[in-house]
Amino acid sequence: MMNNNLQLKLAIKAFLIWLALSLAGFFWGEHLIKVLTPFYGEVIEQIDSNYQTHVFINNEAEKKVVLAATALRAIPIVADKSLPAGRTIESNGTVLHALVPLVILLTVILVFPLQNFKQRIFLAVLTMPAILFVSALTVPLQLLGNLEVGYMNAVAKYGYTKDAPWALEWMLLTEGGGRWLIPVLTGIGCGGVARKLFVD
Amino acid sequence: MDFHTLRFVVVAAILYGVFHWAYHQVPDTTLRTVIYPNLIGHSAAKVINTMTPERKVRVKDNTISSNKAVLNIVRGCDGSGVWFMLMAAILGFGAKFKHLLVGVVLGTIAVYSINQVRIVGLYYLIEWNRNYFPMVHTYFAPTLIIFLIAAFFLWWTRWSMQDSNQER
(Lines give C-alpha, C1' and ligand atoms only; values in the text may rest on other atoms or scores of the structure.)
Protein backbone atom coordinates (compact mmCIF):
# COMPACT_ATOMS: atom_id res chain seq x y z
CA MET A 1 0.00 0.00 0.00
CA MET A 2 1.37 3.36 -0.97
CA ASN A 3 1.70 5.62 2.09
CA ASN A 4 1.03 9.34 2.10
CA ASN A 5 4.73 10.19 1.90
CA LEU A 6 5.18 8.12 -1.27
CA GLN A 7 2.03 9.62 -2.70
CA LEU A 8 3.37 13.13 -2.11
CA LYS A 9 6.72 12.18 -3.66
CA LEU A 10 4.92 10.81 -6.72
CA ALA A 11 2.84 13.99 -7.04
CA ILE A 12 5.94 16.21 -6.78
CA LYS A 13 7.78 14.03 -9.32
CA ALA A 14 4.78 14.22 -11.67
CA PHE A 15 4.59 18.00 -11.31
CA LEU A 16 8.30 18.45 -12.04
CA ILE A 17 8.13 16.15 -15.06
CA TRP A 18 5.03 17.96 -16.35
CA LEU A 19 6.79 21.31 -15.90
CA ALA A 20 9.99 20.14 -17.62
CA LEU A 21 8.10 18.58 -20.54
CA SER A 22 5.81 21.59 -20.92
CA LEU A 23 8.74 24.00 -21.07
CA ALA A 24 10.69 21.70 -23.41
CA GLY A 25 7.61 21.43 -25.64
CA PHE A 26 7.07 25.18 -25.58
CA PHE A 27 10.64 25.99 -26.63
CA TRP A 28 11.57 23.01 -28.82
CA GLY A 29 8.34 21.12 -29.51
CA GLU A 30 8.12 22.50 -33.03
CA HIS A 31 11.01 20.18 -34.03
CA LEU A 32 9.11 17.11 -32.80
CA ILE A 33 5.96 18.14 -34.64
CA LYS A 34 8.01 18.84 -37.78
CA VAL A 35 9.31 15.26 -37.67
CA LEU A 36 5.73 14.00 -37.35
CA THR A 37 4.26 16.02 -40.26
CA PRO A 38 4.86 13.32 -42.96
CA PHE A 39 3.19 10.83 -40.62
CA TYR A 40 0.18 13.15 -40.23
CA GLY A 41 -0.07 13.38 -44.03
CA GLU A 42 0.13 9.59 -44.42
CA VAL A 43 -2.64 9.07 -41.84
CA ILE A 44 -4.88 11.62 -43.56
CA GLU A 45 -4.39 9.95 -46.95
CA GLN A 46 -5.19 6.55 -45.42
CA ILE A 47 -8.39 7.96 -43.90
CA ASP A 48 -9.53 9.96 -46.91
CA SER A 49 -8.28 8.82 -50.30
CA ASN A 50 -9.83 11.87 -52.02
CA TYR A 51 -6.75 13.98 -51.28
CA GLN A 52 -3.05 14.17 -51.87
CA THR A 53 -1.67 15.91 -48.81
CA HIS A 54 1.20 18.14 -47.87
CA VAL A 55 1.50 18.82 -44.14
CA PHE A 56 3.96 21.47 -43.00
CA ILE A 57 4.63 24.07 -40.32
CA ASN A 58 4.09 27.66 -41.39
CA ASN A 59 6.54 30.52 -40.94
CA GLU A 60 4.23 32.89 -39.08
CA ALA A 61 4.80 34.15 -35.54
CA GLU A 62 2.23 31.71 -34.20
CA LYS A 63 3.49 28.37 -35.51
CA LYS A 64 0.78 26.26 -37.10
CA VAL A 65 0.56 22.78 -38.56
CA VAL A 66 -0.94 23.35 -42.00
CA LEU A 67 -2.67 20.71 -44.12
CA ALA A 68 -2.71 21.48 -47.85
CA ALA A 69 -5.05 18.90 -49.36
CA THR A 70 -5.29 18.61 -53.13
CA ALA A 71 -8.43 16.95 -54.44
CA LEU A 72 -7.57 13.91 -56.59
CA ARG A 73 -11.10 13.82 -58.01
CA ALA A 74 -14.08 16.18 -57.98
CA ILE A 75 -15.56 16.18 -54.46
CA PRO A 76 -19.32 16.88 -54.42
CA ILE A 77 -20.42 19.66 -52.07
CA VAL A 78 -24.09 20.01 -53.02
CA ALA A 79 -26.12 18.73 -56.00
CA ASP A 80 -24.58 21.01 -58.65
CA LYS A 81 -21.42 22.21 -56.91
CA SER A 82 -18.20 20.37 -56.26
CA LEU A 83 -14.57 20.96 -55.40
CA PRO A 84 -12.81 20.39 -58.75
CA ALA A 85 -10.02 17.84 -59.04
CA GLY A 86 -6.62 19.49 -58.63
CA ARG A 87 -7.91 22.26 -56.33
CA THR A 88 -6.00 22.62 -53.05
CA ILE A 89 -7.73 23.54 -49.82
CA GLU A 90 -6.11 24.18 -46.44
CA SER A 91 -6.79 23.75 -42.76
CA ASN A 92 -4.57 24.25 -39.74
CA GLY A 93 -4.07 23.95 -36.00
CA THR A 94 -1.39 25.43 -33.76
CA VAL A 95 1.79 23.54 -32.94
CA LEU A 96 1.16 24.04 -29.21
CA HIS A 97 -2.27 22.46 -29.62
CA ALA A 98 -0.65 19.45 -31.34
CA LEU A 99 1.82 19.09 -28.47
CA VAL A 100 -0.74 18.86 -25.65
CA PRO A 101 -1.53 15.12 -26.02
CA LEU A 102 2.18 14.30 -26.32
CA VAL A 103 3.09 16.23 -23.15
CA ILE A 104 0.33 14.37 -21.30
CA LEU A 105 1.38 10.97 -22.71
CA LEU A 106 5.06 11.42 -21.86
CA THR A 107 4.18 12.68 -18.36
CA VAL A 108 2.07 9.57 -17.69
CA ILE A 109 4.77 7.26 -19.08
CA LEU A 110 7.58 8.87 -17.08
CA VAL A 111 5.56 8.94 -13.86
CA PHE A 112 3.98 5.48 -14.15
CA PRO A 113 5.06 3.48 -11.08
CA LEU A 114 7.06 0.40 -12.10
CA GLN A 115 8.80 -2.31 -10.08
CA ASN A 116 11.99 -3.08 -11.98
CA PHE A 117 14.41 -1.93 -14.66
CA LYS A 118 13.09 -4.37 -17.29
CA GLN A 119 9.65 -2.82 -17.01
CA ARG A 120 11.17 0.67 -17.43
CA ILE A 121 13.10 -0.40 -20.55
CA PHE A 122 10.02 -2.06 -22.05
CA LEU A 123 7.92 1.04 -21.37
CA ALA A 124 10.62 3.18 -23.01
CA VAL A 125 10.43 0.91 -26.09
CA LEU A 126 6.64 1.31 -26.15
CA THR A 127 6.94 5.10 -26.06
CA MET A 128 7.54 5.61 -29.79
CA PRO A 129 4.57 3.50 -30.96
CA ALA A 130 2.49 5.22 -28.26
CA ILE A 131 3.48 8.66 -29.61
CA LEU A 132 2.50 7.57 -33.12
CA PHE A 133 -0.77 6.05 -31.88
CA VAL A 134 -1.77 9.18 -29.95
CA SER A 135 -0.64 11.45 -32.80
CA ALA A 136 -2.65 9.45 -35.36
CA LEU A 137 -5.81 9.80 -33.29
CA THR A 138 -5.50 13.53 -32.68
CA VAL A 139 -3.74 15.94 -35.08
CA PRO A 140 -4.54 14.39 -38.53
CA LEU A 141 -8.21 14.05 -37.61
CA GLN A 142 -8.30 17.59 -36.29
CA LEU A 143 -6.91 18.86 -39.61
CA LEU A 144 -9.31 16.68 -41.59
CA GLY A 145 -12.19 17.73 -39.32
CA ASN A 146 -11.38 21.38 -39.99
CA LEU A 147 -11.58 20.69 -43.74
CA GLU A 148 -15.00 19.13 -43.15
CA VAL A 149 -16.09 22.26 -41.26
CA GLY A 150 -15.34 24.16 -44.48
CA TYR A 151 -17.58 21.78 -46.44
CA MET A 152 -20.35 22.04 -43.85
CA ASN A 153 -20.19 25.85 -44.06
CA ALA A 154 -20.28 25.72 -47.87
CA VAL A 155 -23.28 23.38 -47.80
CA ALA A 156 -25.07 25.71 -45.36
CA LYS A 157 -24.25 28.69 -47.61
CA TYR A 158 -26.07 27.00 -50.49
CA GLY A 159 -29.07 26.42 -48.20
CA TYR A 160 -28.63 22.69 -47.68
CA THR A 161 -27.87 20.55 -44.66
CA LYS A 162 -25.45 17.63 -44.44
CA ASP A 163 -24.82 14.95 -41.82
CA ALA A 164 -21.53 15.56 -40.03
CA PRO A 165 -18.92 13.07 -41.35
CA TRP A 166 -17.17 10.85 -38.79
CA ALA A 167 -13.91 12.81 -39.02
CA LEU A 168 -15.78 15.90 -37.83
CA GLU A 169 -17.55 13.95 -35.06
CA TRP A 170 -14.19 12.56 -33.96
CA MET A 171 -12.65 16.03 -33.99
CA LEU A 172 -15.46 17.29 -31.74
CA LEU A 173 -14.89 14.35 -29.39
CA THR A 174 -11.16 14.95 -29.18
CA GLU A 175 -11.40 18.74 -28.98
CA GLY A 176 -13.91 18.42 -26.13
CA GLY A 177 -11.34 16.63 -23.99
CA GLY A 178 -10.79 13.32 -25.78
CA ARG A 179 -7.31 14.44 -26.79
CA TRP A 180 -6.48 14.49 -23.06
CA LEU A 181 -8.13 11.15 -22.32
CA ILE A 182 -6.47 9.30 -25.23
CA PRO A 183 -2.88 9.90 -24.03
CA VAL A 184 -3.81 9.27 -20.39
CA LEU A 185 -5.38 5.89 -21.19
CA THR A 186 -2.61 5.03 -23.69
CA GLY A 187 0.04 5.81 -21.06
CA ILE A 188 -1.77 3.75 -18.41
CA GLY A 189 -2.25 0.91 -20.92
CA CYS A 190 1.46 0.88 -21.85
CA GLY A 191 2.46 0.94 -18.17
CA GLY A 192 0.02 -1.87 -17.42
CA VAL A 193 1.45 -4.02 -20.22
CA ALA A 194 5.02 -3.42 -19.00
CA ARG A 195 4.07 -4.38 -15.45
CA LYS A 196 2.25 -7.52 -16.56
CA LEU A 197 5.03 -8.79 -18.84
CA PHE A 198 7.99 -8.31 -16.49
CA VAL A 199 6.79 -9.29 -13.04
CA ASP A 200 9.40 -9.26 -10.23
CA MET B 1 -2.06 -5.61 -18.86
CA ASP B 2 -4.01 -7.11 -15.94
CA PHE B 3 -7.78 -7.46 -16.06
CA HIS B 4 -8.42 -4.60 -13.61
CA THR B 5 -6.37 -2.12 -15.70
CA LEU B 6 -7.95 -3.31 -18.96
CA ARG B 7 -11.45 -3.01 -17.50
CA PHE B 8 -10.63 0.45 -16.18
CA VAL B 9 -9.33 1.66 -19.60
CA VAL B 10 -12.32 0.25 -21.51
CA VAL B 11 -15.02 1.40 -19.06
CA ALA B 12 -13.50 4.89 -18.72
CA ALA B 13 -13.32 5.28 -22.53
CA ILE B 14 -16.93 4.15 -23.01
CA LEU B 15 -18.24 6.36 -20.19
CA TYR B 16 -16.35 9.34 -21.59
CA GLY B 17 -18.02 8.74 -24.97
CA VAL B 18 -21.46 8.58 -23.33
CA PHE B 19 -20.87 11.82 -21.37
CA HIS B 20 -19.59 13.54 -24.51
CA TRP B 21 -22.67 12.45 -26.47
CA ALA B 22 -25.03 13.65 -23.71
CA TYR B 23 -23.22 17.00 -23.49
CA HIS B 24 -23.67 17.56 -27.22
CA GLN B 25 -27.42 17.06 -26.87
CA VAL B 26 -27.54 20.32 -24.86
CA PRO B 27 -28.22 23.18 -27.32
CA ASP B 28 -25.62 25.95 -27.64
CA THR B 29 -28.26 28.54 -26.74
CA THR B 30 -29.00 26.84 -23.41
CA LEU B 31 -25.31 26.75 -22.56
CA ARG B 32 -24.78 30.37 -23.63
CA THR B 33 -27.82 31.98 -22.03
CA VAL B 34 -28.57 29.79 -19.00
CA ILE B 35 -25.76 27.52 -17.88
CA TYR B 36 -22.63 29.59 -18.48
CA PRO B 37 -23.81 32.87 -16.92
CA ASN B 38 -25.42 31.20 -13.89
CA LEU B 39 -22.90 28.48 -13.22
CA ILE B 40 -19.63 30.11 -14.30
CA GLY B 41 -19.96 33.79 -15.27
CA HIS B 42 -21.55 35.38 -12.21
CA SER B 43 -19.33 33.61 -9.67
CA ALA B 44 -16.18 34.40 -11.68
CA ALA B 45 -17.27 38.06 -11.97
CA LYS B 46 -17.93 38.17 -8.23
CA VAL B 47 -14.40 36.92 -7.52
CA ILE B 48 -12.88 39.49 -9.91
CA ASN B 49 -15.00 42.33 -8.51
CA THR B 50 -14.11 41.35 -4.94
CA MET B 51 -10.39 41.18 -5.66
CA THR B 52 -10.33 44.25 -7.90
CA PRO B 53 -13.55 46.30 -7.35
CA GLU B 54 -12.47 49.04 -9.77
CA ARG B 55 -12.86 46.59 -12.73
CA LYS B 56 -16.67 46.64 -12.47
CA VAL B 57 -16.92 43.37 -14.39
CA ARG B 58 -20.28 42.55 -16.01
CA VAL B 59 -21.78 39.29 -17.22
CA LYS B 60 -24.03 39.02 -20.25
CA ASP B 61 -24.86 35.51 -21.43
CA ASN B 62 -21.51 33.75 -21.89
CA THR B 63 -19.41 36.94 -21.83
CA ILE B 64 -17.48 38.35 -18.89
CA SER B 65 -16.44 41.91 -19.67
CA SER B 66 -15.08 45.13 -18.26
CA ASN B 67 -13.57 48.21 -19.84
CA LYS B 68 -10.24 46.43 -19.95
CA ALA B 69 -10.99 42.89 -21.13
CA VAL B 70 -13.63 40.65 -22.67
CA LEU B 71 -13.71 36.90 -22.09
CA ASN B 72 -16.12 34.54 -23.85
CA ILE B 73 -16.95 31.18 -22.31
CA VAL B 74 -17.68 28.73 -25.12
CA ARG B 75 -18.50 25.03 -25.36
CA GLY B 76 -15.55 23.10 -24.04
CA CYS B 77 -14.20 25.98 -21.93
CA ASP B 78 -16.55 25.05 -19.10
CA GLY B 79 -14.40 22.28 -17.63
CA SER B 80 -16.76 19.64 -19.02
CA GLY B 81 -14.04 17.62 -20.76
CA VAL B 82 -12.00 17.33 -17.55
CA TRP B 83 -15.10 16.56 -15.48
CA PHE B 84 -16.14 13.83 -17.92
CA MET B 85 -12.64 12.37 -17.74
CA LEU B 86 -12.57 12.36 -13.96
CA MET B 87 -16.07 10.96 -13.60
CA ALA B 88 -15.34 8.25 -16.19
CA ALA B 89 -12.18 7.33 -14.26
CA ILE B 90 -13.92 7.32 -10.86
CA LEU B 91 -16.87 5.26 -12.10
CA GLY B 92 -14.55 2.95 -14.05
CA PHE B 93 -12.33 2.29 -11.04
CA GLY B 94 -14.89 -0.01 -9.46
CA ALA B 95 -14.89 1.35 -5.89
CA LYS B 96 -17.62 0.80 -3.29
CA PHE B 97 -20.73 3.01 -3.56
CA LYS B 98 -19.78 5.17 -0.54
CA HIS B 99 -16.33 5.84 -2.02
CA LEU B 100 -17.87 6.47 -5.43
CA LEU B 101 -20.16 9.09 -3.95
CA VAL B 102 -17.28 10.85 -2.18
CA GLY B 103 -15.23 10.79 -5.43
CA VAL B 104 -18.07 12.18 -7.52
CA VAL B 105 -18.90 15.00 -5.06
CA LEU B 106 -15.32 16.02 -4.21
CA GLY B 107 -14.23 15.53 -7.83
CA THR B 108 -17.00 17.80 -9.07
CA ILE B 109 -16.06 20.47 -6.52
CA ALA B 110 -12.38 20.12 -7.49
CA VAL B 111 -13.02 20.44 -11.25
CA TYR B 112 -15.40 23.36 -10.77
CA SER B 113 -12.97 25.21 -8.48
CA ILE B 114 -9.99 24.62 -10.77
CA ASN B 115 -11.98 25.80 -13.79
CA GLN B 116 -13.16 28.93 -11.97
CA VAL B 117 -9.55 29.74 -11.07
CA ARG B 118 -8.67 29.21 -14.75
CA ILE B 119 -11.47 31.52 -15.94
CA VAL B 120 -10.54 34.28 -13.48
CA GLY B 121 -6.85 33.82 -14.32
CA LEU B 122 -7.54 34.03 -18.06
CA TYR B 123 -9.53 37.24 -17.53
CA TYR B 124 -6.58 38.87 -15.76
CA LEU B 125 -4.20 37.48 -18.38
CA ILE B 126 -6.17 39.09 -21.23
CA GLU B 127 -6.23 42.32 -19.27
CA TRP B 128 -2.49 42.21 -18.68
CA ASN B 129 -1.30 41.01 -22.10
CA ARG B 130 -3.61 39.24 -24.53
CA ASN B 131 -0.62 37.93 -26.53
CA TYR B 132 -0.07 35.32 -23.83
CA PHE B 133 -3.68 34.13 -23.96
CA PRO B 134 -3.35 31.45 -26.72
CA MET B 135 -0.25 29.96 -25.12
CA VAL B 136 -1.81 29.65 -21.65
CA HIS B 137 -5.31 28.79 -22.89
CA THR B 138 -4.37 26.05 -25.35
CA TYR B 139 -1.14 24.67 -23.91
CA PHE B 140 -0.17 25.26 -20.28
CA ALA B 141 -3.62 25.39 -18.66
CA PRO B 142 -5.05 22.15 -20.12
CA THR B 143 -2.02 20.03 -19.25
CA LEU B 144 -1.76 21.57 -15.76
CA ILE B 145 -5.44 20.86 -15.13
CA ILE B 146 -4.98 17.25 -16.25
CA PHE B 147 -2.07 16.97 -13.82
CA LEU B 148 -4.15 18.40 -10.94
CA ILE B 149 -7.08 16.12 -11.70
CA ALA B 150 -4.75 13.12 -11.95
CA ALA B 151 -3.36 14.05 -8.52
CA PHE B 152 -6.90 14.18 -7.14
CA PHE B 153 -7.68 10.78 -8.72
CA LEU B 154 -4.50 9.30 -7.26
CA TRP B 155 -5.44 10.58 -3.78
CA TRP B 156 -9.00 9.28 -4.11
CA THR B 157 -7.99 5.78 -5.29
CA ARG B 158 -5.47 5.43 -2.44
CA TRP B 159 -8.00 6.66 0.11
CA SER B 160 -10.64 4.30 -1.26
CA MET B 161 -8.31 1.29 -1.14
CA GLN B 162 -6.99 2.12 2.36
CA ASP B 163 -10.52 2.64 3.69
CA SER B 164 -11.69 -0.66 2.17
CA ASN B 165 -8.73 -2.52 3.72
CA GLN B 166 -9.38 -1.00 7.16
CA GLU B 167 -13.01 -2.11 7.05
CA ARG B 168 -11.98 -5.75 6.42
Side-chain angles (χ1 to χ4, degrees), chain A residues 1-4 6-8 10-12 14-19 21-23 25-26 29 61-62 93-104 106-108 111 113 164 169 172-197 199, chain B residues 1-13 15-17 19-21 23-24 74-86 88-89 92 111 131 134-159 161-162 164-166:
Chain A
M1 180 64 61
M2 186 185 283
N3 62 33
N4 290 339
L6 276 176
Q7 208 170 312
L8 182 66
L10 186 64
I12 292 171
F15 176 76
L16 292 175
I17 287 173
W18 165 79
L19 188 63
L21 286 173
S22 295
L23 291 173
F26 182 70
E62 187 182 29
T94 66
V95 166
L96 287 179
H97 191 268
L99 282 167
V100 167
L102 301 181
V103 169
I104 294 171
L106 293 174
T107 305
V108 173
V111 172
E169 294 284 7
L172 292 174
L173 177 77
T174 54
E175 292 305 297
R179 72 198 168 101
W180 307 329
L181 184 68
I182 290 165
V184 168
L185 293 183
T186 304
I188 292 172
C190 290
V193 170
R195 269 219 297 232
K196 184 73 179 172
L197 287 180
V199 183
Chain B
M1 196 186 310
D2 59 75
F3 175 72
H4 191 80
T5 310
L6 181 66
R7 193 190 70 172
F8 170 74
V9 169
V10 172
V11 172
L15 284 174
Y16 183 88
F19 291 149
H20 171 83
W21 176 83
Y23 175 61
H24 279 268
V74 296
R75 193 186 278 271
C77 289
D78 46 14
S80 57
V82 181
W83 188 74
F84 296 160
M85 254 181 86
L86 183 61
V111 171
N131 291 330
M135 171 182 85
V136 174
H137 179 245
T138 61
Y139 185 63
F140 285 106
T143 52
L144 178 60
I145 290 172
I146 296 297
F147 163 75
L148 292 173
I149 290 307
F152 172 85
F153 182 68
L154 177 72
W155 167 80
W156 175 78
T157 51
R158 298 302 161 189
W159 168 77
M161 286 158 72
Q162 272 172 359
S164 295
N165 285 344
Q166 278 167 8

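Residue numbering restarts at 1 for every chain, and letters A, B, ... go by the order of the sequence lines.
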Side chain / backbone / both / neither for [X] at chain B, heavy atoms under 4.5 Å:
{"X": "W180(A)", "value": "both"}
{"X": "L21(A)", "value": "backbone"}
{"X": "E175(A)", "value": "neither"}
{"X": "V100(A)", "value": "both"}
{"X": "V184(A)", "value": "side chain"}
{"X": "T107(A)", "value": "neither"}

TODO: Might you point out which heavy atoms bring M85(B) and L181(A) nearest each other, and give the distance in Å?
DONE: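 For M85(B) versus L181(A), the nearest heavy atoms are CG-CD1, 3.6 Å.
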Open item on the list: For P134(B) versus E62(A), what's the shortest heavy-atom pair and its separation?
Closed with: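 Heavy atoms of P134(B) and E62(A) come nearest at CB-OE2, 3.9 Å.
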Open item on the list: As an exercise, state the distance from NE2 of H24(B) to CD of E169(A), rounded to the nearest 0.5 Å.
Closed with: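 H24(B) atom NE2 to E169(A) atom CD measures 8.5 Å (nearest 0.5 Å).
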Open item on the list: I need the T5(B) OG1 to K196(A) NZ distance, nearest 0.5 Å.
Closed with: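 T5(B) atom OG1 to K196(A) atom NZ measures 9.0 Å (nearest 0.5 Å).
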Open item on the list: Less than 4.5 Å to any heavy atom of chain A: does that hold for the side chain of W155(B), its backbone, both, or neither?
Closed with: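 When you check distances to chain A, atoms from both the backbone and side chain of W155(B) fall under 4.5 Å.
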Open item on the list: Is A89(B) in contact with chain A via its backbone, its side chain, both, or neither, using a 4.5 Å heavy-atom distance?
Closed with: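 When you check distances to chain A, no heavy atom of A89(B) falls under 4.5 Å.
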Task: Best-contacting candidate, L185(A), L173(A), T186(A), against chain B by heavy atom pairs under 4.5 angstrom - done: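 So the answer, after comparing L185(A), L173(A), T186(A), is L173(A).
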Open item on the list: Just to be sure I understand the criterion: a residue of residues 140-148 of chain B counts if one of its heavy atoms is under 4.5 Å from a heavy atom of chain A. Which ones qualify?
Closed with: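 At a heavy-atom separation under 4.5 Å, chain A is reached by F140(B), P142(B), T143(B), L144(B), I146(B), F147(B).
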- [ ] Flag the pair I188(A) / F8(B) as yes when at least one side-chain heavy-atom distance between them is below 4.5 Å, and no otherwise.
- [x]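 The answer is yes, as the side chains (C-beta and beyond) meet within the 4.5 Å cut-off.
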Open item on the list: Is it the case that the side chain of Y139(B) and the backbone of S22(A) share a donor-acceptor pair, with hydrogens and angles ignored and the cut-off at 3.5 Å?
Closed with: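 Yes.
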Open item on the list: Show me the pairs that pass salt bridge (charged side-chain N to carboxylate O under 4.0 Å, His left out) and involve residues 141-156 of chain B, at least two apart or across chains.
Closed with: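 Every pair satisfying salt bridge (charged side-chain N to carboxylate O under 4.0 Å, His left out) with a residue in residues 141-156 of chain B: there are none.
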